[in-house]
Amino acid sequence: MSGSRKTVNPLQPPKSHTGNPSAPPAPTREEGFLLGGRVRYDQFAKGYRTGLEPVLMAASIPARPGETVLEGGCGAGAALLCLSARIPGMHGVGLESDPETQALAEQNIRNNMLSDGIPRLRILQAHLPDIPRSLRVLTPTANGRFHHVMANPPWHSPSGTPSPDSRRRLALSAETTAPEDWIRALTKWVLPGGTLTFVLSTAVADRACQTLLENGCGSIQFYPFWPRAGREAKLVLVRAVHGGRGIFRLRAGLVLHEADGRFTAAAEHVLRDGEALPED
């Protein structure tokens, strides 16, 4: 679970929900949408807010209908929901450590249930890098592994000023675990020939690559997200193949904003129209 203060296409003004008034106080929720209204997406009114990263990550996954996807640190389910909207028929499982965020993700999944009523997305409570063995029963593959794995692990330095919001600290700060710990754990859950995709700060991308190579993954690709043309990329998508032996590839990446702050046309196609990331 990772992100920023910037929301992705929220409703204006938002509608707040506090749940059953006789129940213990629960975090207030706001209604919103992703992908230009295709995905209903509620999030907490205060504290941690979903950023662009999960939407961009979902747009990069080369899944096909019927394949399985595991997301580490899924938060309220933005990436899985966006991926499911683009790839009907895929099956996904998200791992989330915060119980209230897990409940919100499950509600978001119910809000986006297809008319056939078949649940294709599930959320399991887990605190990475510890992954419960019960995960194996949630994937239909014979050996209990997934075709694709994705995560936006926390990478902010624990030496910085901590956020007063506990969910934001959990999502962003590498206080108790490093990105390498997440990557190492998730490599054990992908099928041979399957992909692993991570959205990371460029500051930790070298360590991520080393960890992938040490754990039997190769064919590594970097896909930078440029804030504007001519500006240094702060975020990069790192993709590898389990058992891959291809050469390293640096992709052209995606420029997110025009000089005036508007999203570029290419970014709009991904963030609003739900298209896959451009590969050229």
Side-chain angles (χ1 to χ4, degrees), residues 1-59 69-86 90 92-115 117-128 138 150-154 156 162-173 175 199 263 270-272 274:
M1 181 172 72
S2 186
S4 67
R5 291 185 179 87
K6 186 171 184 178
T7 59
V8 183
N9 198 24
L11 281 178
Q12 297 292 335
K15 297 179 181 180
S16 298
H17 302 275
T18 55
N20 185 347
S22 63
T28 302
R29 301 176 180 182
E30 291 180 355
E31 292 181 1
F33 289 96
L34 300 171
L35 303 184
R38 292 173 59 193
V39 173
R40 162 78 180 272
Y41 184 69
D42 295 357
Q43 52 187 331
F44 296 121
K46 295 182 180 180
Y48 175 80
R49 309 287 290 181
T50 298
L52 302 180
E53 296 96 322
V55 184
L56 295 170
M57 181 170 65
V69 179
L70 172 66
E71 182 182 7
C74 68
L80 286 171
L81 289 167
C82 289
L83 180 58
S84 180
R86 183 170 63 86
M90 57 78 62
V93 177
L95 305 177
E96 175 53 46
S97 63
D98 179 65
E100 290 178 335
T101 304
Q102 176 188 1
L104 179 56
E106 291 169 340
Q107 182 60 57
N108 281 332
I109 290 171
R110 289 192 291 271
N111 289 341
N112 291 277
M113 187 77 74
L114 296 177
S115 58
I118 300 175
R120 293 186 173 87
L121 301 178
R122 302 281 297 276
I123 308 297
L124 180 66
Q125 188 170 6
H127 196 291
L128 278 114
L138 298 182
M150 63 180 179
N152 177 205
H156 286 204
S163 170
D165 181 74
S166 60
R167 291 189 185 88
R168 187 168 178 79
R169 289 198 305 273
L170 181 66
L172 301 179
S173 176
E175 182 176 359
V199 174
F263 285 120
V270 174
L271 298 173
R272 307 300 186 195

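What you see is a predicted model, and the numbers here were worked out from it, not measured in a lab.
- Remark: Met90 CE to Arg120 CZ distance equals 10.5 Å, nearest 0.5 Å.
- Side-chain contact check for Leu34 versus Leu271: every heavy-atom pair is 4.5 Å or farther apart.
- Remark: side-chain polar atoms of Glu96 are paired, donor with acceptor, to backbone N or O of Gly75 under 3.5 angstrom.
- Inter-residue side-chain proximity for Phe263 and Leu52 is flagged as met; some heavy-atom pair is nearer than 4.5 Å.
- When all heavy atoms of Gly72 and Ala151 are compared, the closest pair comes out as O-CB, 3.5 Å.
- Annotation: the span from Met57 atom CE to Glu71 atom CD amounts to 4.0 Å, rounded to 0.5 Å.
- Contact detail for Ala79 and Ala58: the closest heavy-atom pair is O-CB, 3.3 Å.
- Separating the CG atom in Asn108 from the SG atom in Cys74 is a distance of 10.0 Å, to the nearest 0.5 Å.
- The heavy-atom pair separating Val270 from Ala59 by the smallest distance is CG1-CB, 3.5 Å.
- A donor-acceptor pair is defined here as one N or O able to donate and one able to accept, closer than 3.5 Å; such a pair exists between the side chain of Gln125 and the backbone of Ser97.
- Closest approach of Gly274 and Arg86 over heavy atoms only: O-CD, 3.3 Å.
- In terms of the side-chain contact (heavy atoms from CB on, under 4.5 Å) criterion, residue partners of Glu106 (sequence neighbours excluded) are, by chain and number, Gln102, Arg110, Ile123.
- Taken to the nearest 0.5 Å, the NZ atom of Lys46 stands 10.0 Å off from the CD atom of Glu30.
- Side-chain N or O atoms of Asn152 include one that pairs as donor or acceptor with a backbone N or O of Val199 at under 3.5 Å.
- Taking the side chain as every heavy atom from C-beta outward, Phe33 and Arg40 approach each other to under 4.5 Å.
- Here Ile109 contributes atom CD1 and Leu80 contributes atom CG; the two are 6.5 Å apart, rounded to the nearest 0.5 Å.
- Between Val39 and Ala85, the shortest heavy-atom contact is CG2-CB, 3.9 Å.
- Side-chain contact between Leu128 and Leu95: present, with at least one pair of heavy atoms (C-beta onward) separated by less than 4.5 Å.
- The number of heavy-atom neighbours closer than 6.0 Å to CZ of Arg122, taken from other residues, nucleotides and ligands shown, is 12 or below.
- The shortest heavy-atom contact between Ala78 and Thr50 is CB-CG2, 4.0 Å.
- Here the side chains of Leu83 and Met150 are in contact, with some heavy-atom distance below 4.5 Å.
- You'll find the side chain of Ser84 stays beyond 4.5 Å of the side chain of Asn112, heavy atoms only.
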